[in-house]
Amino acid sequence: MESDTALDDHSRTIIHVDLDCFYAQVEMNKNPKLRDVPLGIQQKNIVVTSNYIAREYGIKKCMLIEDAFKLCPNLVLVKGEDLHDYRQTSYKVTALLQKYSNLVERLGLDENFIDVSRIVSERLETGANCDAVGNIFGDTSDMCDCGCSERLGIGSIIAQNIREDIKVQLGLTSCAGIGHNKLLSKIAGSRHKPNQQTVVFPNSAVELMLTLDGVSRIPSIGVVLSEQLNSIGIKTVQDLQSTNISKLSGLLGPEKAKQVYDLSFGIDRILVKSSGKPQSIGIEDSCKSISAETEVKEKLVQLLNRLLVLVAEDGRIPRTIKLTVRKFDKSSKLGVRETKQCNINSSLFTCGDVTKLGENALNKVMVIIMRLFSKLVDSTKPYHLTLLGLSFTKFHQRSIGKNALTNFLVKDIEVQSVTNIKCISETDEPSYETPCSSTAESPEKEPGPVRKKSKTSDIVAKRRFVKETEDCESPLKLRVAELRLNSTEKPADSNQNISCPPNADKDVFHALPRDLQEELWEEYKQTRERDIPDKPLGKRVKPNSIRNYLVPR
Ligand code: TTP
Ligand code: MG
C-alpha cells in the first residue's frame, strides 16, 4: 500500500516542549544544594526520575531504589509523593506557553504541544529570519518547496524563545521538538537531551520514524495496540510501513488501520487541542515556622501582590479567593494542609489593571483573606504554620461595564449568580486537582460570562444566596467587605451622616457609599408610609430594590 506522504499537509508548525528531569528540577529549585549532587526522586521503592548527574551513573526512570544505590551509592533521594509543587510548576509552564498561542495542549505534567502556526505566518509576513536554530534532524539538501522549511525554521526560533522564557521565568530547562505535526515534534524533541531542541523537516519524517526502536515507541501506540500489532508479526516501524493494509484492517478496522499505518510514515493529522486556561492561579510560600499574626499578614500581603501580577497576566477575572495553610503536625512529615475559600466581587477586577490596585482596595482584600484565616486558625491559641498559599479560581472572561451602581450591585450577580460569597470549607484540596483541560469542567456550574438576567431574578438570587450561606459566619459582614471594594467613588460626606434605617444592618449600611445609603433610606421611608394603614400609600417599594437584599430577613 502506498502511503500518503505526498499528500501530507505541511501547513502547521507544532512545538513540543518537555521539561528536563521534571520532578528533580522542581526539587533542585526548592533546594539549590541538590543541583550538584546525583539526585533521585523517590516514590515508594522506585526512583521515578533523577537529575542528569545521577543519569551519568546509569540511573534510569522507574528503577528500584536498591538497584539505583548499587549504581550510585552516593545518590541523594528526595521523596516525590506529594505532587503539589510539581502540579503548580506544571501549570505555570502551561500558562507561560499560552502567551505564545491559545492552542496549547497539555500532555502529562511536563509536556505541552503548542501550535504556533499563527505567529509563524505573522513573522513570515514581516520577512523574519527563517534559518532554523538548534539541532536539525536528517538531511536538508532535498527540502520540500511548499514553504514548510521557512515555517519550521521560524518555529525553531520561537521554540528557542519559549525555552529561554521558561528558564528565565521559572528556572527550568527543557527540550523542544519542532515539526509540522504533533507526532514528529514529539519524537524530534527527544533526539537531543537535556536542554536542547531539534527540528525535523517533512522530507526526513520517514527517516525519523525509523529511528524508533519498535512500534511500541510510536507515541500514540499504547501497550494494547502494540501487542495487537505484534500478534500479526508487526514489531518494527519498518514492519508497519511494509504491512499489507487489508491485514491491518482486519485487525483494527479500516479507519484505525489507516491511521496507524500513516503514523509509521510520520503522518499525523490530529490537531493540537487547547487544554484551556488553568482553573486556578495560585502561589504558596513554605517556611519553617509562622506563629504570629503579624508574620501571617506580612506573608499574605506579599503573596497577594505576587498573585495579582499573575492574575493580570492571565487576563480573566477570578470569582473566588482561596487561602491555604499547612499546619505543622508531629505525626505527619508533610504537615496538614487546610484550605478555605470564599467568593469575591468581580468588579474589583474590572476597574483596570489589577496589579495597580490602590492600597485601600488591597487592604479590603486582606480583610477577606484574614477572615478566611481566622476560620482556619484559632489565633487565640499557639499555632505553627509551615506554609501559606493564596489562589484565585472560578474565572470568567473580563467584561467591563461603566455604570457604578450597576457594577456595584448587579454586574456581579449577573456573572456570579447565587453562589456568591458562599464559604466553602475544604481540607487538603490540591489547588490544581483537575487537569487543565477544556473537558475537565469545574464541579460547580459556571455561569456564562455576562449572562444577562432580569434584575428581579437577580435580587431573588441574592436573597437565596443569603439563605444559602447560613453556614458562613456573618455572610452580610463579608458582603460588606466586598461591597466596599467596589465603592470606588463618592465617600460619604462626614458632615451629613445618614443614619441607618432601623430595619437595616448597621454595619452593612455604613459600609455603603452615600448614594446607596440615600436610596436605602428613601426606600425605608416609603415602606414605612406604605405599612402605616392610615397613611396614604406612597410609592410602592420596587420588588428589585436594593433594600430587599441588604435588610436581614
Ligand atoms: P518524563 O518527562 O518522562 O521524565 P523527566 O522529565 O523526569 O526526564 P526527561 O529529562 O527525560 O524528560 O516524566 C516527567 C515526570 O513524571 C518525571 O519527572 C517524574 C514523573 N514520572 C513518574 O511519576 N512516573 C514515571 O513512570 C515517569 C516516567 C515519570
Ligand atoms: Mg520530561
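Both ligands and their constituent atoms are indexed starting at 1 by order of listing. Quick note: numbers below take in every heavy atom, side chains included, and nothing from hydrogens, waters or symmetry partners. The shown structure was predicted, so the numbers you read here are calculated from the model rather than taken from an experiment.
Defined by atom type and a distance below 3.5 Å, a donor-acceptor pair is missing between the side-chain atoms of S274 and N102. If you check the side chains of R35 and N29, you find a donor sitting under 3.5 Å from an acceptor. Residues Q196 and N135 bring a donor and an acceptor atom of their side chains to less than 3.5 Å of each other. With 3.5 Å as the limit, one finds no donor-acceptor pair spanning the side chains of D20 and S174.
Residue C21 has at least one N or O atom closer than 3.5 Å to an N or O atom of ligand 1. For a threshold of 3.5 Å applied to N or O pairs, the pair formed by Y23 and ligand 1 contains at least one separation below that value.
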List the atom pairs, with distances to 0.1 Å, where a side-chain N or O of residues 140-148 and a protein N or O form a donor-acceptor pair under 3.5 Å, not counting sequence neighbours.
from: S141; atom 1: OG; to: D139; atom 2: OD1; distance (Å): 2.9
from: S141; atom 1: OG; to: D139; atom 2: OD2; distance (Å): 2.9

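Counting heavy atoms of neighbouring residues, nucleotides and ligands inside a 6.0 Å radius, atom CD of Q238 does not exceed 12 of them.
Classification of K299 and E295 as a salt-bridged pair fails, no side-chain N sitting under 4.0 Å from a carboxylate O. We find that K186 and E111 are joined by a salt bridge, their nearest charged nitrogen and carboxylate oxygen being less than 4.0 Å apart.
Taking each of Q43, K61, Q25 in turn, the one with a heavy atom nearest to atom 28 (C) of ligand 1 proves to be K61. Comparing T49, N51, L107 against atom 17 (C) of ligand 1, the shortest heavy-atom distance belongs to T49. Taking only non-hydrogen atoms, the option from L19, D110, V26 nearest to atom 13 (O) of ligand 1 is D110.
At the top of the distance list for atom 8 (O) of ligand 1, counting protein heavy atoms only, stands R55 NH2, 2.8 Å. Of the protein's non-hydrogen atoms, the one nearest atom 29 (C) of ligand 1 is V48 O, 4.1 Å.
Of all the atoms in ligand 1, the ones that sit under 4.0 Å from a non-hydrogen atom of Y52 are 9 (P), 10 (O), 11 (O). Ligand-side atoms of ligand 1 in range of K193: 9 (P), 10 (O), 11 (O), 12 (O), range being under 4.0 angstrom from any heavy atom. For ligand 1, the atoms lying closer than 4.0 Å to a non-hydrogen atom of C62 are 25 (C), 26 (O). Atom numbering of ligand 1 starts at 1 in the shown order; those under 4.0 Å from a heavy atom of D20 are 6 (O), 10 (O). Set against the non-hydrogen atoms of F22, the atoms of ligand 1 under 4.0 Å away are 5 (P), 6 (O), 7 (O), 18 (O).
Taking backbone and side-chain atoms together, F22 has no N/O/S atom less than 2.8 Å away from the Mg ion (ligand 2).
The aromatic rings of Y86 and Y23 sit parallel, their planes meeting at an angle under 30°, below the 60° perpendicular limit.
Nearest N/O/S atom of D110 relative to the Mg ion (ligand 2): this is OD2. The closest approach of D18 to the Mg ion (ligand 2), by N/O/S atoms, is made by OD1.
When all heavy atoms of S275 and E105 are compared, the closest pair comes out as OG-CA, 3.2 Å.
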